[in-house]
Amino acid sequence: MSNQITQVEGCEFSTEELQLFHRYYKYDWAAHGLESASVNQRIDHFASAIDLPIDTARLRSWLRTMGIIDESEKSDEAKLYDRFEQYDFAAAPGFNQMLAQVYDTSDVTKYAIGERMDRAKAEYYNSHVEPLDYEKYREFKIVNAPKPICPYQDLWDSKGTDKEAADTLKFANVMTIDIAQCLTPEADQVLTIDVVNRMLDAVKLAYDQKYFAVALVNSRCSSPEPVFLPALDKSPDSSTELLKAAMRLRIELQNLNKAKPVIIFANGMVDASALGLLLCSIDIVTSEMFCVCCSPVQATYPFISLYDWACLSDRQSKVAKGTAEYILCNPQLVLRSAEWNALDLGIGFVSHRKFATSMEKILMAASCPPPHTRSALRKACAVESMYPGPSKINVWANEIHKFFAPLAEGKITLSDLTSQLQQVEQPWAGKYLVFANTQKSMDIASARVAGMQAVRSMQYSQALAMELSASIMWSQGITDPAVLFSSPPLLTTLLSTEPTKTPVQSAHKEVSGECPFARMYRKNPERFKNVDLKSIADHRSLNL
């Protein structure tokens, strides 16, 4: 792949040159007593100070292109245009009489009015002050436009149209993880262990320093509506190993996002069981096709991302306490882009029709080298984003605070909430009571509430260990929240002992005051053979 940055028309500098020139831009001149030095002095010093060969003529050309140049180095042409721009037209005799031609019609765009104003100023200046050619001035300003904030800012201005399809492979400094390429024709509607491992292999490659950013894109599922992340495989014989593989992928994605920006383009449905993969990053761009439903009625893997949900109100002050419980206990609520962005879980919304083109424009921002890459991506996303519409969650803010905040604080139980909602004669309350119609959905909702209360006081690695342990026990038929989410001190005491291969004769005797979790382990250690007990006991990241 070519190392030329070709997405900007007329750009003549290679990626390697731009990286080197960026060091010049960030160089601490004051530390070397050169804050008042001329451009020539700075270039000479920089060329001798760095440990890489540099073409000073190319650097000077780049400085002129970027508009980073000392006043003494400006050409006569540049000085002429500076005088033109600094001229006080408000006090110029007779200039106001020329404004009639500027505002000659009401059917005109803001851009056209601005261009007319510039032409009128140039005409007046040329006639009354000194010679000036407007067309040459306009061409000069385009070529020499200064770049505010970062000298690479103009590199992500796309020249494409909305009809063009995204070609993410052309960005040499972006590692693209195409979910569609990880899926298989045999199982394109589920995330199997093989699919998760292929995604994990791609994540490991993304650590390469030549990549400034990582993008998760696309998906391929046999469904009338687009699917971004399908469900984890529900096969009982692979559930434990699949949960471990998915947990490992989540950890790697989290670590990768600490090293470089991971931006996700979720243009489709995300299954609740795969939500942890999506929440590895806050840089998520959605469309109107995005949706996720966390219904306790249909959950197969009910304890996904409990830590993220539990910390939702703490991380975003605008989100009312109890919002996570409101979401995870609702059998019918579907989170779409409006709700997702209102919860501060994404950075932008782009319409489905323009999604491919906007994705390409946003990824162009990754041309901006570290440490500015993440900021550049977010700014480009802000330019492309639209208003996603009103959030259904914000509509019920008062109800969330009244009924669900006490549930989040542990002041009431889910049974108490059920009793309260039965007294509320409104349709929204009746929708919540659906989870109480079956024992399974009631068990899931109760366990989710207990799980969030448990992980709120934990570190992230501890919470992941708890989540994995609870998910495995749930798949084995254990539904008691007191067992699924035993406190860390009890787990530490219990799990510091290696599993006994042969149960001792006294294993079935009752022990007064014994923890239920400990009693089950003592009676049958084999049922916990797939749980990484030592890692959970030490509160470390799991060795998956």
Side-chain angles (χ1 to χ4, degrees), residues 190-191 225 227-232 234 243 246-247 250 264 266 268-280 284 286 289-313 315-316 319-346 391-396 399-400 403-404 407-408 414 417-418 421 428 431-438 440-456 463-464 466-467 470-471 474-475 479 481 484-485:
V190 294
L191 296 177
E225 299 295 334
V227 177
F228 180 68
L229 282 174
L232 294 177
K234 301 178 182 179
L243 284 170
M247 187 73 74
R250 285 174 59 187
I264 302 175
M269 185 272 292
V270 175
D271 190 86
S273 63
L275 195 57
L277 303 180
L278 187 70
L279 290 173
C280 71
I284 303 170
T286 62
M289 310 305 294
F290 170 81
C291 65
V292 58
C293 178
C294 300
S295 169
V297 178
Q298 304 172 355
T300 303
Y301 298 104
F303 310 126
I304 300 297
S305 299
L306 289 183
Y307 183 84
D308 297 290
W309 288 120
C311 297
L312 186 63
S313 298
R315 188 168 51 80
Q316 170 49 296
V319 176
K321 182 170 289 187
T323 300
E325 285 75 9
Y326 172 87
I327 294 171
L328 296 185
C329 293
N330 191 324
Q332 301 181 11
L333 178 64
V334 177
L335 298 178
R336 299 192 182 276
S337 291
E339 290 74 41
W340 195 257
N341 286 279
L343 294 172
D344 200 33
L345 294 174
S391 166
K392 294 190 291 288
I393 293 178
N394 292 345
V395 174
W396 302 107
E399 286 74 10
I400 292 174
F403 292 101
F404 293 89
L407 183 66
L414 195 62
L417 176 65
T418 303
L421 293 181
W428 74 267
K431 294 178 181 179
Y432 269 92
L433 293 176
V434 174
F435 72 78
N437 292 338
T438 65
K440 178 183 177 182
S441 58
M442 185 68 173
D443 288 342
I444 291 176
S446 299
R448 282 176 168 177
V449 172
M452 283 189 287
Q453 291 174 349
V455 302
R456 275 191 174 99
L464 288 184
M466 180 73 79
E467 180 183 313
S471 297
W474 180 272
S475 68
T479 59
L484 294 170
F485 303 102

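As the structure is a computational prediction, the values presented were derived from the model and not from experiment. Residues: numbered from 1 along the sequence shown.
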How long is the gap from [atom1] on [X] to [atom2] on [Y], to the nearest 0.5 Å?
| X | Y | atom1 | atom2 | value |
| --- | --- | --- | --- | --- |
| Glu325 | Asn330 | CD | CG | 13.0 Å |
| Arg448 | Leu306 | CZ | CG | 8.0 Å |
| Leu279 | Ile304 | CG | CD1 | 10.5 Å |
| Leu312 | Ser305 | CG | OG | 11.5 Å |
| Trp309 | Leu275 | CH2 | CG | 5.5 Å |
| Asn341 | Ser391 | CG | OG | 9.5 Å |

Do [X] and [Y] make a side-chain contact, defined as non-hydrogen atoms from C-beta onward lying under 4.5 Å apart?
| X | Y | answer |
| --- | --- | --- |
| Thr418 | Met442 | yes |
| Asp344 | Val319 | no |
| Ile327 | Ile393 | yes |
| Pro230 | Val190 | no |
| Leu335 | Leu345 | no |

Nearest heavy-atom pair of [X] and [Y]: which atoms, and what distance?
| X | Y | value |
| --- | --- | --- |
| Asp308 | Arg250 | OD2-NH2, 4.1 Å |
| Cys293 | Pro331 | SG-O, 4.4 Å |
| Ser441 | Ala436 | OG-N, 4.5 Å |
| Trp428 | Glu399 | CZ2-CG, 3.4 Å |
| Val434 | Gln332 | CG2-NE2, 4.1 Å |
| Met466 | Val455 | CG-CG1, 4.4 Å |

Indicate, with yes or no, if the rings of Tyr432 and Phe403 have centres closer together than 6.0 Å.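 No, they do not, as the ring centres are separated by 6.0 Å or more.
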Are the aromatic ring centres of Trp340 and Phe290 under 6.0 angstrom apart?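 Yes, they do, as the ring centres are separated by less than 6.0 Å.
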For the side chain to side chain contact (heavy atoms under 4.5 Å, CB included) test, which of Leu278, Asp271, Val292 pairs with Leu229? Leu278
Is the Phe303 ring parallel, tilted or perpendicular to the Phe485 ring (thresholds 30°, 60°)? perpendicular
Between Glu339 and Arg336 (side chain of the first, backbone of the second, donor and acceptor by atom type, cut-off under 3.5 Å), is there such a pair? yes
Give a yes or no on whether the backbone of Leu232 and the side-chain of Ser273 come within a donor-acceptor separation of less than 3.5 Å.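 Such a contact is found between Ser273 side chain and Leu232 backbone.
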For Thr479, check side-chain contact (heavy atoms from CB on, under 4.5 Å) against everything at least two apart and list the hits. Asp443, Trp474
Using the side-chain contact (heavy atoms from CB on, under 4.5 Å) rule, take Leu417 and Val449 through it: C-alpha gap first, then chi angles, then the decisive distance, then the call. CA-CA 12 Å; Leu417 176 65; Val449 172; over 6 Å; no
